[in-house]
Amino acid sequence: MGNSRSGALSKEILEELQLNTKFSEEELCTWYQTFLKECPSGRITQQQFQGIYAKFFPDADPKAYAQHVFRSFDANSDGTLDFKEYVIALHMTSAGKTTQKLEWAFSLYDVDGNGTISKNEVLEIVMAIFKMIKPEDVKYLADDENTPEKRAEKIWKFFGKKDDDKLTEKEFIEGTLGNTEILRLIQFEPQKVKDRLKEKKP
């Protein structure tokens, strides 16, 4: 019950996070200090989370995407993330195992939380992703995926679904695991776009 000194991370949470993420004790303790400075209450609100996300994407508008990411990690739906939820969010979006990442991606795309994904939900997330791609980078995307509608259509076609069908988590994970192309389409990886730009330069 003893909730250790407010400035230190409890041993239980520390052990659990080390077990479930790739972060070291040192990293976790340093982040916790920073987290408490930014969020003295020990909880981060959706606005604060969007603010942190905005720092990662200074040239884009990550607000819509950040809202979806926040929703997918707010495990108890209380409108805030505690340190544990926050670290797991960082881990999953940066270094999680592929199946873990896909479970998370499924919850990201399952906007209404009903356990299946509809074509409209795919479009909603893809539109949020497109807001984070700089307009000048969009022209480097292939013709059949250079608008949110085209990309959503391409993803949906890949799963062989009709417009009003639903996609289950099992179908989503199995289908995506077997295809790197679809994995690329459902993710937002600005670095890959940047790398491609470098290749195109003389």
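Only this structure's heavy atoms are used, side chains among them; waters, hydrogens and symmetry mates stay out.
When all heavy atoms are compared, the tightest approach of R43 to N76 is NH2-ND2, 4.2 Å. Shortest non-hydrogen contact noted between W156 and I117 is CH2-O, 3.4 Å. Contact detail for I133 and D137: the closest heavy-atom pair is CG2-CB, 3.8 Å. Of all non-hydrogen atoms in R151 and L141, the two that sit nearest each other are NH2-CD2, 3.9 Å. In terms of heavy-atom proximity, E85 sits nearest to T80 at OE1-O, 3.5 Å.
Summarising the geometry, atom OH belonging to Y109 is positioned 11.0 Å from atom CG belonging to L167; distances are rounded to the nearest 0.5 Å. The distance from atom CG of L81 to atom OG1 of T45, rounded to the nearest 0.5 Å, is 9.0 Å. With rounding to the nearest 0.5 angstrom, the NZ atom of K157 is 9.0 Å from the CG atom of D144. Here W31 contributes atom CH2 and L17 contributes atom CG; the two are 10.0 Å apart, rounded to the nearest 0.5 Å.
Linking Ile, Leu, Val, Met, Phe, Trp and Tyr whenever their side-chain heavy atoms come within less than 4.5 Å puts V111 and M132 in one cluster.
Each of E15, E16, E12 was compared with K84 under the salt bridge (charged side-chain N to carboxylate O under 4.0 Å, His left out) criterion, and only E16 meets it.
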Derivation and outcome, salt bridge (charged side-chain N to carboxylate O under 4.0 Å, His left out), residues R184 and E145: CA-CA 11 Å; R184 178 183 65 77; E145 58 180 77; 2.9 Å; yes

Audit row: Y65, L108, side-chain contact (heavy atoms from CB on, under 4.5 Å) steps and yes/no: CA-CA 9 Å; Y65 190 72; L108 179 73; 3.9 Å; yes

S118/N120 under side-chain hydrogen bond (donor to acceptor under 3.5 Å, both in side chains): CA gap, chis, key distance, verdict: CA-CA 5 Å; S118 69; N120 279 342; 5.4 Å; no

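Contact check for Q48 versus E38: no side-chain heavy atoms found under the 4.5 Å cut-off.
Looking only at distances, no side-chain donor or acceptor of Q33 sits under 3.5 Å from a matching main-chain atom of T30. Panel note: side chain D61, backbone K131; no donor-acceptor pair is recorded below 3.5 Å. Although no hydrogens or angles enter the test, the distance criterion places a donor-acceptor pair under 3.5 Å between the side chain of D110 and the main chain of N114. Between the side chain of Q46 and the backbone N or O of Q67 there is no donor-acceptor pair closer than 3.5 Å. Formation of a donor-acceptor pair under 3.5 Å by the E174 side chain with backbone atoms of E171 is not found in this model.
In the displayed structure, E181 atom CD is contacted under 6.0 Å by more than 12 heavy atoms of other residues, nucleotides or ligands. By the 6.0 Å contact criterion, NZ on K154 is enclosed, its count of non-hydrogen atoms from other residues, nucleotides or ligands being greater than 12.
Taking the six-membered ring where tryptophan is involved, the planes of Y86 and F49 are perpendicular, since the angle between them exceeds 60° and thus also 30°.
Between E153 and K150 there is no salt bridge, since no side-chain N of the basic residue sits under 4.0 Å from a carboxylate O of the acidic one.
The six-membered or imidazole ring of W104 lies near that of F73, with a centre-to-centre distance under 6.0 Å.
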